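Numbers here simply count residues along the sequence, with the first being 1. Worth saying up front: this structure is predicted, and the values here are computed from it rather than measured. Below, all heavy atoms of this structure are taken into account, side chains as well, without hydrogens, waters or symmetry copies.
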Amino acid sequence: MHMAIGFRRFTGVGLAVALWAGVSVAATAAHADEKIRILCPTWSGYAPVFVAQDLGYFKKLGIDVDIKFEDERANVMAAMDRKDIEMDMRTVGEYQGKPRDAKTPGVVIGTIDESLGGDGVIAPGDITSVEQLKGKTVASEPNIPGRLLLQMALKAKGLTLADLDVKQIATADTVAVFADPSISAVVSYQPNLSQALDKIKQRNPHLLISSAQYPGIIVDVIIVRQDDLKANPEKYKKFMIGIFKAIDYFKSNKADFIKLAAPHFNLTPEEFAASIDGSLEYTGYAQTAGYFGKPGAPGSLYKVFGEVMKLNLENGAADHDLKAADQIDNSIVSGITEADLK
């Protein structure tokens with residue numbers, strides 16, 4: 001994701017929350033069954049929402065979707081708690097992070113994209129293995145996907161984050177931080193990764209760790225308030241249908257999808273294309289159905305949730321052991337058929 005040109009998950013200023021604070025009554029009881037207000041980080045993986053809007057899919061389905069970017073997770077969680085929004089989108093790992101506990105509003109009902117190269121760790125040419133980072137300074141923002149990947153790579157070699165000197169940074173500063181020779185690696189995401197690779201040539205940079213090496217782990221999920229889901233399940237079925245139709249449109253009309261999506265991220269079509277190519281995959285109906293399974297027959301996302309939960313507890317990113325069965329609701333996805341997408 002980008003800042004103005006598409007940064008993924010950086011500290012925001014709460015502008016979207018402020019804009020909505022005065023209009024939270026807009027979703028009145030009379031319209032609760034058709035309105036979905038969304039706050040989410042600025043990440044290209046969420047483009048299907050905008051394209052579904054632009055192509056009129058949501059309108060044809062009879063729902064009113066309002067999406068705004070808000071990169072500060074605390075602001076989004078507070079808005080969800082106040083019932084100012086109905087939906088959030090972020091990775092499984094971020095969803096689990098502090099201060100979420102079993103009673104925090106929000107349950108996972110769908111997926112929208114999977115990172116396959118968009119997150120990772122960049123290192124200079126003389127660092128060729130994760131073991132070489134032991135005792136060295138590694139820069140990272142807390143609770144971002146690449147940090148989880150770093151932990152997984154370290155664990156495979158009998159190491160932990162405690163074996164490193166972790167310096168906290170804002171991911172938007174990746175290029176400047178990586179230019180400092182005292183920093184042995186930077187945890188980041190696109191487009192910061194490619195920018196650092198391109199601009200700091202003197203360090204012979206390369207991707208030490210990439211989400212492409214860990215398929216199925218960094219998955220962006222769709223999160224909704226339980227009370228509104230219970231009251232209006234059909235609304236969320238329609239939302240997911242709109243998303244799947246937009247992803248189908250991407251597969252059949254990629255150039256036009258990119259042209260529609262780019263302005264929403266303050267990008268040119270060329271810049272938007274660069275932000276998704278080799279970085280992510282939009283998760284369509286078949287893939288999402290596999291992730292979620294059916295009531296009584298959980299899909300693969302439940303196992304991923306448990307694996308990521310364990311890692312987040314180990315590295316201190318989470319402090320409550322959330323159970324996939326309580327945090328994932330597969331009723332919406334399992335209720336959609338191929339016929340609904342025509």
*Compare every heavy atom of M89 with every heavy atom of I38, then report the nearest pair and how far apart it is.*
CG2-CE, 4.1 Å

*Check V177, T174, V186, V175 against I200 for a side chain to side chain contact (heavy atoms under 4.5 Å, CB included) and give me the one that passes.*
V175

*Got a sec, which residues hit side chain to side chain donor-acceptor pair (under 3.5 Å) with T104, two or more places apart in sequence or on another chain?*
D101

*asked:* Considering only residues two or more places apart or on different chains, which pairs with a residue in residues 161-189 satisfy salt bridge (charged side-chain N to carboxylate O under 4.0 Å, His left out)?
replied: none

*Please walk me through it: do D248 and Y285 pass side chain to side chain donor-acceptor pair (under 3.5 Å)?*
CA-CA 9 Å; D248 285 344; Y285 168 70; over 6 Å; no

*Does the side chain of Q327 come under 3.5 Å of the side chain of Y302 through a donor N or O and an acceptor N or O?*
no

*Looking only at heavy atoms, what is the nearest atom pair of P233 and I332, with distance?*
O-CD1, 3.5 Å

*Tell me, with the steps shown, if D113 and Y46 meet side chain to side chain donor-acceptor pair (under 3.5 Å).*
CA-CA 8 Å; D113 73 271; Y46 305 140; 5.2 Å; no

_Non-hydrogen side-chain atoms of I218 and L149 separated by less than 4.5 Å_ = yes

*Taking the side chain as C-beta and beyond, is there a heavy-atom pair between V49 and I243 under 4.5 Å?*
yes

*Within a reach of under 6.0 Å around NZ of K98, are more than 12 heavy atoms found that belong to other residues, nucleotides or ligands?*
yes

_Pair listing, side-chain hydrogen bond (donor to acceptor under 3.5 Å, both in side chains) test, anchored in residues 332-342, at least two apart_ = T337-D340

_Does this structure show an ion pair linking R90 with D88, if we count only N-O contacts that are shorter than 4.0 Å?_
yes

*Answer whether the closest heavy-atom distance between the side chains of H320 and R100 falls below 4.5 Å.*
no

_I'd like to know if the side chain of T283 pairs up with that of E114 as donor and acceptor (distance under 3.5 Å, no hydrogens or angles considered)._
no

*asked:* Any heavy-atom pair between the side chains of L301 and I328 that's under 4.5 Å?
replied: yes

*asked:* Side chains of T91 and E94 only: does a donor on one sit below 3.5 Å from an acceptor on the other?
replied: yes

*Could you tell me if the ring centre of F239 sits under 6.0 Å from that of F244?*
no

*Just checking, is any N or O donor in the side chain of Q190 or S194 under 3.5 Å from an acceptor N or O on the other one?*
yes

_Test item: V108 and D329 side chains (from C-beta on) under 4.5 Å apart, heavy atoms_ = no

*Check the pair K35, D64 against salt bridge (charged side-chain N to carboxylate O under 4.0 Å, His left out), reporting the backbone distance first and the verdict last.*
CA-CA 5 Å; K35 183 79 172 181; D64 179 10; 3.3 Å; yes

*What closest approach, in Å, do A185 and L133 show between heavy atoms, and which atom pair accounts for it?*
CB-CD2, 3.8 Å

*Between G93 and N312, which heavy-atom pair has the shortest distance, and what is it?*
O-ND2, 3.1 Å

*asked:* Please check: side-chain N/O of Q132 versus main-chain N/O of T128, any donor-acceptor pairing under 3.5 Å?
replied: yes

_Quiz question: by atom type and distance under 3.5 Å, do the side chains of S188 and T171 form a donor-acceptor pair?_
no

*Gap between atom CD1 of I63 and atom CG of N232 - 0.5 Å precision*: 11.0 Å

*Do the non-hydrogen side-chain atoms of V107 and L229 ever get within less than 4.5 Å of each other?*
yes

*Going by heavy atoms in the side chains, are Q168 and E141 under 4.5 Å from each other?*
no

_Any donor-acceptor N/O pair, N204 side chain to G125 backbone, under 3.5 Å_ = no

_Angle between ring planes, Y249 versus Y57, binned at 30° and 60°: parallel, tilted or perpendicular?_
perpendicular

_Run K235 and D228 through salt bridge (charged side-chain N to carboxylate O under 4.0 Å, His left out) and show every step you take._
CA-CA 9 Å; K235 174 172 66 173; D228 200 57; 2.5 Å; yes

*Take T288 and T111, measure what side chain to side chain donor-acceptor pair (under 3.5 Å) needs, and give me the verdict at the end.*
CA-CA 6 Å; T288 301; T111 63; 2.9 Å; yes

*Please determine which of D119, L311, N143 meets the side chain to side chain contact (heavy atoms under 4.5 Å, CB included) test together with L148.*
L311

*Do the rings of F272 and F257 sit parallel, tilted or perpendicular, given the 30° and 60° boundaries?*
tilted

*What distance do N315 atom CG and L154 atom CG have between them, rounded to the nearest 0.5 Å?*
10.5 Å

*Spell out, yes or no, whether I247 and L61 are grouped together once hydrophobic residues are joined by side-chain heavy atoms under 4.5 Å, including indirect joins.*
yes

*Taking every non-hydrogen atom, the tightest pair across G117 and L193*: O-CD1, 4.2 Å

*M77 side chain reached by P99 side chain, heavy atoms, under 4.5 Å*: yes

*Could you state the interatomic distance from CG (L116) to CD1 (I217), rounded to the nearest 0.5 Å?*
11.5 Å

*Compare every heavy atom of S115 with every heavy atom of S211, then report the nearest pair and how far apart it is.*
OG-OG, 2.7 Å

*Once the angle between the rings of F50 and F69 is folded into 0 to 90°, is it parallel (under 30°), tilted (30 to 60°) or perpendicular (over 60°)?*
tilted

*Between atom CG of L207 and atom CD of Q213, what is the distance when rounded to the nearest 0.5 Å?*
8.5 Å

